[in-house]
Structure formats: C-alpha cells, structure tokens
Amino acid sequence: MSAEKIADKLNAEGVLSPMEYKLSQDQGVQTGFRSSDKAKWYPSMIRRILENEIYTGVLVQGKTGTPNYKVKKCLPKEKEEWIRIEGTHAPVVSKQDYQMVQRLFKKDVRIPPGKEVVYPLCGYIFCQDCGKSMVRRHYTRGGKRYVYYVCSTHKAGKGCTSHMIPEESVTEAVLAAVRNQGEVVADMEKLLLAAEEAPARETNVQDYDRQIERLQELIRRSERFKMKLFESLQDGTLNRQEYDHFRENYNRQIRENEEAIKAVEKERELMINRNIRDHTWMEEFKRQRNVTALNRTVVVQIIDKILVTQEKEIEVHFRFGDQMEMYERFLEEYLEGKGGEQFGKEEQKRIG
C-alpha cells in the first residue's frame, strides 16, 4: 500500500493526525498552516514517519549543525555524521520491518489502476543483459488472459531483446528456488549448531591466525622484492619498462593478499562470535520451506533480485548473500574435519 493510500485510509477511518492528536490532548499547539478545520493525514507525513528510525528504539541526534564557528546558520548534515544511540527506549516496530520498508522505498514501483497493492514481483525482476527492469503486460486471446514480463528497454524501442516470459513460469521458478533455499538454510543451521558445540574451536581460530600470518609474510616478501627492483633499476640491471612491469606485478600480489587477509579476518571473527540464535535472517528462509504461494512479503523479506536471460532462464538472487558465503566457507572446512562425520552426505551436498 502506498503512502497516498495509507493517508486516505487513515482519514477515512477518522484516525487523528499528529496535529489533531496534540490538540485533543490540550497541548497548546498553534499553527498558521492549517488549510481546513481539521488537520488531515498527508502522504509526506506518512513517509516521514516510516523513515524515522526513532520508532525502532534508536535516538538520532545531530542532524543539523554549523560547519564552523564563523557560520551561525544550522545546515543539514550527512547521515554518516548523525549521532545514533540504540536502545534508548522501547521500539514500536522491529528493525527487520523498518529495514524492509526502507528497501521498498528504493524500489521503482507503481500500484496498478484499480488495485490496492502492487504485484509480488514488481521492482524485483530485471533483464540480465541490459540490467533494466522487466515490465508486466497482458493480452487476451480466445477469451483467455495471458500475463507476461518483457524487457523495458526493448519495449521502449531502445535496443536489447524482448526476453518475454510468462508470469506463471517466473512464479513457479521463484517458488521452487525459495523452497530450496529454505532447505539449504535449515541444513546449514544444523551444521552451525553442531560446530558451535565442537571442541575444535580454539584450534580452528589458530588455523585462521596462521593463514593471516602467512599472507602477511607474503606481503612483506613482495615489499622486499619491490625495494630490490628499484636497486636493479638504479644499477641498470632492469630498464624502465621491465621495472614498471615487475613493480605492478608485485603491487597486484600485495593487493590480492590484503583482500585475502580481510576475508580470513571476517571468517575468524565469525568463528569467535558465531551464535546461530543471533541470525534471525535464517528464520525468514526456514519459514518459506513449504510456501505454496508467492506473495509480496516473501519476495521483500528474502529476495534481492530476479534476472531473466535471453534463453528464458531465471536466476534468483537472495538477500544475505555475504552471510551465506561466509558460512559456506566455514562449513566446508568444518566438514573436511571430524565434524562432518555425524551428518549424511545428502545434507552436506545441499549446502555445498
């Protein structure tokens, strides 16, 4: 439901707007901006409330300020500069619901004429080749209504190909992918819970430390070789072209090893702090294992995007991809050890 629809519904049901509520509580509020006898709900008001993080229990301050002591006028600050304090009061809505609403605000969606809600896949299905959205269209033939998706770039006559695919085919493929992902996450949770109780935790952390130390040594080694390159350039052993080539090669090795260290550090942190109960996102996937119909809530909660190829193939990209990838790497190492002996090959195969 859009902000406009919500405002209309609240006005129709007689729900007091914030201004009218304050007046009803005799708070002595005065304003010169009233355009009618009774202050109404407006879409901008709805959106402002939905975007306000304070309802999640977070106090946000420092949204405005002066850039320096010479300037007296307060100016808006970048969001990164705001001061956020969590847990200052009881939340009205969960963080998950708040974040879901913010994601929806970023989607380019429109409510069809005569409808109250958007279609389940609206704003989530894209052409794989041009990256633009797929638009929903329909036609009637022989008294039967056919619904399909087509590439918006092609429809506008700006290139690409139609990528036309029946809505039914997309829905069936997405449903199957959602159910399968729910099973994968459920199996992953079992393994993570077992790993939580595994006695080899300290040993595994030491393994990560050794990996980091080895990568750091490779970086130091590349740095030493770079220094020797400069000496070789000075004494004429290498010409400038050779020097630039080898120097860039060592720089590339350093960058790759630095990225590898970051990845290992993330996995090490996961190893130390892992607690499956903290990851509520898994529950979202598990609840969808037996889903029978695709609705907007399912799509918004667990799907990032859906891509359609020219060959009518459908790729479903799920949210929480970083967490999944991190856990998969960790579990691969766990299953290679003794921990994998207590699970069947089928469970290991599903997550691998």
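Counting begins at 1 with the first residue of the sequence.
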- Message: Restricting to non-hydrogen atoms, name the atom on Val58 and the atom on Thr88 that form the minimum distance, rounded to 0.1 Å.
- Response: C-OG1, 4.3 Å
- Task: Indicate yes or no: does Lys95 engage Glu86 in a salt bridge with an N to O separation below 4.0 Å.
- Result: yes
- Query: Can any side-chain N or O of Asn257 pair as donor or acceptor with the backbone N or O of Leu215 at less than 3.5 Å?
  - Reply: no
- Query: Does any N or O in the side chain of Asn249 come within less than 3.5 Å of the main-chain N or O of His245, such that one atom is a donor and the other an acceptor?
  - Reply: no
- Message: Check whether Tyr98 reaches the backbone of Glu51 with its side chain - one donor and one acceptor, N or O, closer than 3.5 Å.
- Response: yes
- Using modelled atom types only, decide if a donor and an acceptor are shared between the side chain of Glu259 and the backbone of Glu256 within a distance under 3.5 Å. no
- Backbone N or O of Lys226 within a donor-acceptor pair of the Arg247 side chain at under 3.5 Å? no
- What closest approach, in Å, do Tyr124 and Ile303 show between heavy atoms, and which atom pair accounts for it? CE2-O, 3.3 Å
- Do Gln181 and Ile302 have side-chain heavy atoms sitting under 4.5 Å apart? no
- Between Glu283 and Lys286, is a salt bridge (Lys or Arg N to Asp or Glu O under 4.0 Å) present by the stated rule, with each step listed? CA-CA 5 Å; Glu283 296 302 320; Lys286 287 164 57 183; 3.3 Å; yes
- Task: For His89 and Ile54, indicate whether the former's side chain and the latter's backbone hold a donor-acceptor pair under 3.5 Å.
- Result: yes
- Task: Measure the spacing between NZ of Lys40 and CE of Met45 and express it to the nearest 0.5 Å.
- Result: 11.5 Å
- Message: Under the rule for side-chain hydrogen bond (donor to acceptor under 3.5 Å, both in side chains), what residues qualify as partners of Arg221, not counting sequence neighbours?
- Response: none
- Note on the structure: Applied to residues 161-171, the side chain to side chain donor-acceptor pair (under 3.5 Å) test, sequence neighbours excluded, yields Asp129-His163, Arg136-Glu167, Thr161-His163
- So how far is it from Phe126 CZ to Ile306 CD1, rounded to the nearest 0.5 Å? 9.0 Å
- Flag, side chain of Ser152 to backbone of Ser133, donor-acceptor distance under 3.5 Å: yes
- Query: How would you list all residue pairs meeting ring-ring contact (aromatic ring centres under 6.0 Å, His included) that involve residues 286-319, not counting sequence neighbours?
  - Reply: Phe285-Phe318
- Item | Residue pair Ser222 / Ile254: nearest heavy atoms and the distance that separates them | CB-CG1, 3.6 Å
- Does Arg47 reach the main-chain N or O of Ser44 with its side chain, forming a donor-acceptor pair under 3.5 Å? no
- Under a 4.0 Å N-O cut-off, is there an ion pair linking Arg220 with Glu223? no
- Query: Closest approach of Tyr149 and Val170, non-hydrogen atoms and distance?
  - Reply: CD1-CG2, 4.5 Å
- Task: Considering non-hydrogen atoms only, spot the tightest contact between Cys160 and His154 and give its length.
- Result: O-ND1, 3.4 Å
- Distance, nearest 0.5 Å, that separates NZ of Lys77 from CD1 of Ile83: 6.5 Å
